[in-house]
Amino acid sequence: MAEEISTSKQTIVSGARPSGKLHLGNYIGALQNWKELQESYRCYYFIADWHALTTGYAEAHEVAGSSREMLLDWLSAGLDPEKAVLFRQSRVKEHAELFLLLAMITPISWLERCPTFKEQLRELEGKEINNYGFLGYPLLQAADILAYRADAVPVGEDQLPHLEITREVARRFNYLYGATLPEPEALLGKYPLLPGIDSRKMSKSYDNYIALSDPPETIREKVRRMITDPQRVRKNDPGRPEVCTVYRFQEIFNPAEAEQLGEACRTAGIGCVGCKEIAARKLIEMMAPLHEKRRLLEQQPAYLEEVLLEGEKRAGKEARATLEAVRGAMGL
Ligand code: TRP
Ligand code: SF4
């Protein structure tokens with residue numbers, strides 16, 4: 001019975017390129033969502049270390065370290081290896097086999113017209129990314145997803161074109177070989193975009209982020225540097241919380257007091273220094289258990305390896321079953 005219940009669960013797959021230490025934007029945007037989903041779905045969450053090489057092939061030696069940092073943040077933030085399957089993409093070779101087979105049926109034009117491909121070529125101008133693997137990025141992602149016959153994929157809006165390619169490829173495979181690879185749905189997160197301390201989107205590349213592992217003093221210092229209402233020069237000028245980055249943080253991390261603080265701001269009943277102190281205190285409070293957990297995990301490298309090996313065993317089993325069906329459908 002228990003087995004039946006667990007096999008009727010829907011399957012969720014998502015991955016993240018190993019970007020090293022995660023920041024609060026990653027936490028609010030993806031991790032919170034992943035954490036909730038692990039409670040009711042069969043979740044496969046992986047470190048997309050091969051994807052990291054599509055643009056970062058010259059820094060291949062950095063991938064293992066960044067993967068480790070990301071795993072530490074995943075576990076400290078509450079991804080639970082008892083609930084979700086956590087693994088490294090590069091350790092489940094079926095991703096590569098499916099990528100290769102799907103490459104046979106994927107028109108190059110589908111990849112060339114992908115908006116993320118065109119955008120990255122523009123943005124990373126000067127970087128040598130005329131490599132075949134970079135063009136194939138969305139197809140490798142399709143293989144990641146289809147290898148588990150996923151029902152849904154939690155992603156950010158920027159990833160929707162890749163989900164579209166995944167569905168198109170699945171459809172083409174099914175048409176050619178009479179098989180049924182399910183077409184996955186995108187699950188857009190319900191969490192808001194988090195601004196960085198300069199009020200642009202929080203991002204590693206803007207250097208405006210608060211890392212999940214930043215110690216309290218760093219958090220305080222970064223919150224002090226946050227952009228507030230630029231028209232509020234003196235403490236007795238009324239402020240406009242709706243244009244203030246600190247206020248966004250109050251709304252997200254201090255919902256119980258946010259409204260009251262907003263009112264105090266509008267009536268010049270509180271100054272920005274005090275308001276920031278409250279925001280910093282809330283963040284520090286929220287992150288304390290994560291830091292504690294991270295500190296413990298950092299001392300257990302063998303446990304981290306064990307989590308991944310166990311995940312790779314479970315993921316491999318599922319992916320092998322899919323690949324057997326795929327080879328069967330193709331008559332290989
Ligand atoms: N491209 C995704 C990103 O940059 C990472 C990724 C790789 C992924 N494979 C995936 C996400 C499969 C979801 C499913 O965020
Ligand atoms: Fe922003 Fe708070 Fe200052 Fe108002 S009091 S402008 S909400 S930092």
Side-chain angles (χ1 to χ4, degrees), residues 11-19 22 26 29-31 33-34 37 43-56 70 87-90 92 95 98-99 114 116-117 119-120 134 136-148 150 152-163 165-166 184-189 195 197 199 203-204 223-251 254 257-280 315:
T11 298
I12 296 266
V13 171
S14 202
R17 275 174 293 176
S19 53
L22 299 182
N26 304 124
L31 271 181
N33 207 11
W34 288 15
L37 293 167
C43 294
Y44 294 92
Y45 297 140
F46 65 93
I47 299 168
D49 47 2
W50 278 337
H51 273 109
L53 300 175
T54 60
T55 52
M70 189 163 78
F87 65 101
R88 287 163 287 204
Q89 178 188 39
S90 64
V92 183
H95 292 229
L98 188 54
F99 172 59
C114 181
T116 56
F117 175 70
E119 186 190 306
Q120 290 259 82
F134 176 62
Y137 185 111
L139 192 62
L140 179 56
Q141 184 162 347
D144 297 336
I145 297 166
L146 297 174
Y148 302 92
V153 184
V155 284
E157 214 155 317
D158 61 314
Q159 296 293 308
L160 291 180
H162 299 166
L163 260 289
I165 289 179
T166 304
E185 297 292 326
L187 265 188
L188 287 177
I197 62 172
S199 83
S203 159
K204 248 197 165 152
V223 172
R224 262 185 240 126
R225 272 167 35 209
M226 270 185 196
I227 307 281
T228 61
D229 175 358
Q231 284 176 18
R232 191 170 189 208
V233 185
R234 280 173 302 265
K235 194 173 162 181
N236 45 10
D237 295 336
R240 297 170 301 164
E242 61 281 4
V243 302
C244 173
T245 307
V246 181
Y247 192 67
R248 285 297 292 140
F249 276 71
Q250 302 283 19
E251 287 179 308
N254 188 12
E257 286 178 307
E259 199 170 322
Q260 193 190 332
L261 286 166
E263 197 43 40
C265 167
R266 267 183 227 103
T267 54
I270 186 173
C272 294
V273 173
C275 186
K276 285 176 167 180
E277 253 166 40
I278 294 172

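Start at 1 and go down the list; that is how both ligands and their atoms are numbered. For clarity, every value in this text was computed on a predicted model and none was experimentally measured.
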Query - Gap separating the CG atom of L37 from the CG atom of L187, nearest 0.5 angstrom - result: 6.0 Å
Requested in this report: Any chance you could lay out the ring-ring contact (aromatic ring centres under 6.0 Å, His included) test for F46 and H51, step after step, and finish with the verdict?
Outcome: CA-CA 11 Å; F46 65 93; H51 273 109; 7.4 Å; no
Query - For atom 6 (C) of ligand 1, closest protein heavy-atom neighbour - result: G15 O, 3.7 Å
Query - N-O pairing of R232 and D237 below 4.0 Å - result: no
**Report entry** Parallel, tilted or perpendicular, as decided by the 30° and 60° cut-offs, for the rings of H95 and W50
**Finding:** perpendicular
Query raised in the report: Which value, rounded to the nearest 0.5 Å, describes the distance between F249 atom CZ and L261 atom CG?
Result: 15.0 Å
**Report entry** D144 side chain to Q141 side chain, donor-acceptor N/O pair below 3.5 angstrom
**Finding:** no
Requested in this report: May I ask you to list the protein N, O or S atoms found at less than 2.8 Å from atom 4 (Fe) of ligand 2?
Outcome: C265 SG
Query raised in the report: Which atoms of ligand 1 are found less than 4.0 Å from any heavy atom of H51?
Result: 7 (C), 9 (N)
Report summary line: Residue, atom and distance of the protein heavy atom nearest atom 9 (N) of ligand 1 read D144 OD2, 2.7 Å
Report task. Can you measure from OG1 (T54) to OH (Y137) and round to the nearest 0.5 angstrom? Result -> 6.0 Å
Report summary line: If we number the atoms of ligand 1 from 1 as shown, the ones under 4.0 Å from a heavy atom of R17 are 4 (O)
Query raised in the report: Do K235 and I270 have side-chain heavy atoms sitting under 4.5 Å apart?
Result: no
Query raised in the report: Given F134 and F117, is the ring-ring contact (aromatic ring centres under 6.0 Å, His included) satisfied, shown in steps?
Result: CA-CA 8 Å; F134 176 62; F117 175 70; 5.4 Å; yes
Query raised in the report: Which of the numbered atoms in ligand 1 are below 4.0 angstrom from a heavy atom of V153?
Result: 13 (C), 14 (C)
**Report entry** Y45 and W34 aromatic ring geometry - parallel, tilted or perpendicular at 30°/60° bounds
**Finding:** parallel
Query raised in the report: Which bit of I145 is near ligand 1, meaning a heavy atom under 4.0 Å away: side chain, backbone, both or neither?
Result: side chain
Query raised in the report: Which of these, Q159, Q141, H162, has its nearest heavy atom closest to atom 15 (O) of ligand 1?
Result: Q159
Requested in this report: Could you say whether the N/O atoms of Y137 and ligand 1 ever approach to under 3.5 Å?
Outcome: yes
